[in-house]
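These values consider heavy atoms only, across backbone and side chains, with no hydrogens, waters or symmetry-generated copies. Since the model is a prediction, treat every value here as computed from it, not as a measurement.
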Amino acid sequence: MEAGTLTMKIDETAEEYLGRIPMWTRKKNSLEDIRRYLCEMGDPDEGMKIFHVAGTNGKGSVCAFLQSILRKAGCRVGTFTSPHLIETRERFCINGEMVCSKVFEESYETVRMLSENMMEKGYCHPSYFEFLFYMAMDMFHKTEVDIVILETGLGGRFDTTNVIKSPLVSVITSISLDHTEYLGDTIEKIAWEKAGIIKKGVTVVFDGNDGQASQVIRSRAEELESPFCEVDRQGYEITGYEGHGCKARFYKTEDDFIEVTVPTVAEYQVMNAFLAFKALEAAGLKEVMDLEISRSQMKEGIAHMYWPGRMEEVLPGVYLDGAHNPGGIKAFLKAAAGLCEARKKRADLLFSSVSDKDHDKMIKEIADTLPLDQVAVAHIHSERGLETEVLLKEFQSACGCGVEGFQTVEEAVLYMLHKRDEEHLLFCVGSLYLMGEIKAVLRRNGYD
């Protein structure tokens with residue numbers, strides 16, 4: 001495309017401009033080109049202390065735990081995550097708060113001008129994710145954060161964020177089959193792509209619960225002479241439940257542990273909290289920045305973590321979970337079924353999916369696992385959203401309960417909220433796009 005095509009329209013907002021980027025870009029810039037963009041910006045990342053986080057499931061949650069703990073320790077923290085649920089600014093947090101409009105707009109203008117200058121030199125316009133990454137680097141540099149938490153987008157090896165040179169630590173969360181058209185159709189192939197974030201000599205902390213993925217990550221770490229810390233469920237124990245949280249012991253050694261409360265009923269979040277705990281241990285913060293995180297700061301940080309759309313109770317008995325791949329659905333079902341059993345309640349469900357996910361398999365697993373009495377399906381407001389008629393047919397085939405179809409998420413949400421009662425828990429699952437739409441519906445209708 002010619003540069004003139006990319007000129008900002010009169011009265012166009014930053015959100016509108018960003019939303020048009022996918023229509024302009026035909027390919028991603030190479031990592032070398034992305035590095036060139038950063039060089040033009042003055043290499044803002046080179047002075048940053050970065051936690052770099054990749055994986056299939058749990059990336060955002062691990063970032064949220066790291067952010068919360070580091071804030072309790074007195075750090076000024078910049079966090080870049082994806083996707084957003086309602087508005088783009090959610091991807092950029094400083095000290096746990098979404099950046100203000102002024103900071104967002106200023107960085108947007110900086111990167112837009114950078115993009116125009118680089119295109120004049122023959123480079124491609126940044127992809128949507130590249131553009132946001134440059135904005136994050138600009139924001140965090142200008143606001144002088146102490147630590148940056150950087151979540152990869154898709155994959156790892158060729159991910160835009162992988163241009164950073166020397167993170168404090170690389171973190172790889174659980175690996176599952178997702179985006180197989182880009183990352184490969186086996187756990188080993190996907191693990192290889194995620195392990196691409198490992199840097200020579202930099203410690204990698206990773207979820208070691210899957211033997212196939214672990215072998216790939218260990219091999220890559222050894223090849224690069226990078227110390228590694230393999231983290232699995234043997235390193236902690238869940239000791240009970242308190243209100244809406246799990247109580248657990250995180251072991252430092254066999255005889256030394258820290259008692260924590262993870263603020264969710266989902267056991268998979270205990271693993272994510274433990275992964276963040278081990279990443280902080282491995283980062284060498286005492287040597288790097290004379291930071292020593294106390295046990296009380298660790299406990300408070302874990303207890304006060306908030307990450308939307310991951311077994312989030314948005315209303316009494318109403319849970320949102322953005323699970324959308326085999327690993328995510330498996331973890332969600334374990335948490336949801338356990339919650340129904342513990343509270344002696346049946347389940348209602350609101351489901352939607354995008355067309356490129358294994359929705360038929362997800363639906364069968366949900367129908368086989370949850371004690372369902374009522375299901376609502378809806379079309380997500382997205383070109384990738386699966387048609388209501390397809391979802392309706394698949395659920396009617398998989399389960400014996402009532403299934404209602406709606407053309408919009410809003411209709412489905414309001415219907416299920418109107419029907420809810422004390423005997424049922426309502427679970428909303430299937431896509432992070434769905435989570436965003438539900439949150440917007442709740443906000444518009446005065447439920448937030």
Side-chain angles (χ1 to χ4, degrees), residues 1-50 52 76 78-84 87-94 98-145 147-167 182 196-197 199:
M1 289 283 185
E2 295 179 358
T5 311
L6 304 173
T7 302
M8 190 172 185
K9 296 178 180 177
I10 296 173
D11 298 326
E12 184 176 42
T13 66
E15 286 274 6
E16 288 168 341
Y17 181 94
L18 290 167
R20 289 198 296 126
I21 288 178
M23 293 186 291
W24 302 331
T25 54
R26 293 291 177 265
K27 67 174 184 175
K28 287 176 60 176
N29 283 301
S30 68
L31 293 184
E32 290 77 15
D33 290 344
I34 293 167
R35 188 70 250 171
R36 198 54 223 158
Y37 265 82
L38 288 180
C39 181
E40 197 77 9
M41 295 172 68
D43 295 313
D45 60 303
E46 291 196 1
M48 294 177 180
K49 299 173 179 64
I50 298 174
H52 196 196
R76 183 172 173 78
T79 309
F80 177 60
T81 57
S82 61
H84 59 273
E87 59 178 304
T88 311
R89 282 193 298 133
E90 296 169 24
R91 296 174 182 241
F92 314 95
C93 287
I94 296 176
M98 179 171 63
V99 296
C100 66
S101 296
K102 183 174 183 291
V103 169
F104 179 83
E105 292 284 348
E106 287 176 353
S107 286
Y108 157 72
E109 289 291 348
T110 296
V111 177
R112 187 171 64 85
M113 291 175 61
L114 168 72
S115 301
E116 291 173 0
N117 291 338
M118 293 299 284
M119 288 179 68
E120 288 177 3
K121 296 179 181 181
Y123 291 89
C124 296
H125 188 282
S127 70
Y128 179 76
F129 188 77
E130 287 167 27
F131 199 105
L132 298 181
F133 171 66
Y134 301 140
M135 285 178 62
M137 293 296 98
D138 181 68
M139 288 178 200
F140 299 154
H141 176 67
K142 288 176 178 174
T143 56
E144 299 181 328
V145 298
I147 287 179
V148 170
I149 301 166
L150 193 60
E151 180 188 353
T152 62
L154 177 63
R157 187 161 58 109
F158 295 118
D159 189 78
T160 296
T161 64
N162 207 28
V163 295
I164 63 166
K165 295 177 180 178
S166 300
Y182 304 110
I197 71 164
K199 304 293 187 294

Which residues pass the side chain to side chain donor-acceptor pair (under 3.5 Å) test with [X], sequence neighbours left out?
X    : value
E144 : none
E105 : none
T88  : E15
K49  : none

Sequence-distant partners of [X], ring-ring contact (aromatic ring centres under 6.0 Å, His included), two or more places apart:
X    : result
F129 : F80
Y37  : Y134
F133 : none

Salt bridge flag under 4.0 Å for residues E32 and R35: no
Ion pair E16/R20, N-O distance below 4.0 Å: no
For [X], which residues count as a side chain to side chain contact (heavy atoms under 4.5 Å, CB included) partner, sequence neighbours excluded?
X    : value
E90  : H84, L85, I86, E87, M98
S107 : M135, D138, M139
E40  : R36, L114, M118, K121

Test salt bridge (charged side-chain N to carboxylate O under 4.0 Å, His left out) applied to E106 - qualifying residues, sequence neighbours left out: K102
Listed partners of R76 passing salt bridge (charged side-chain N to carboxylate O under 4.0 Å, His left out), at least two apart: none
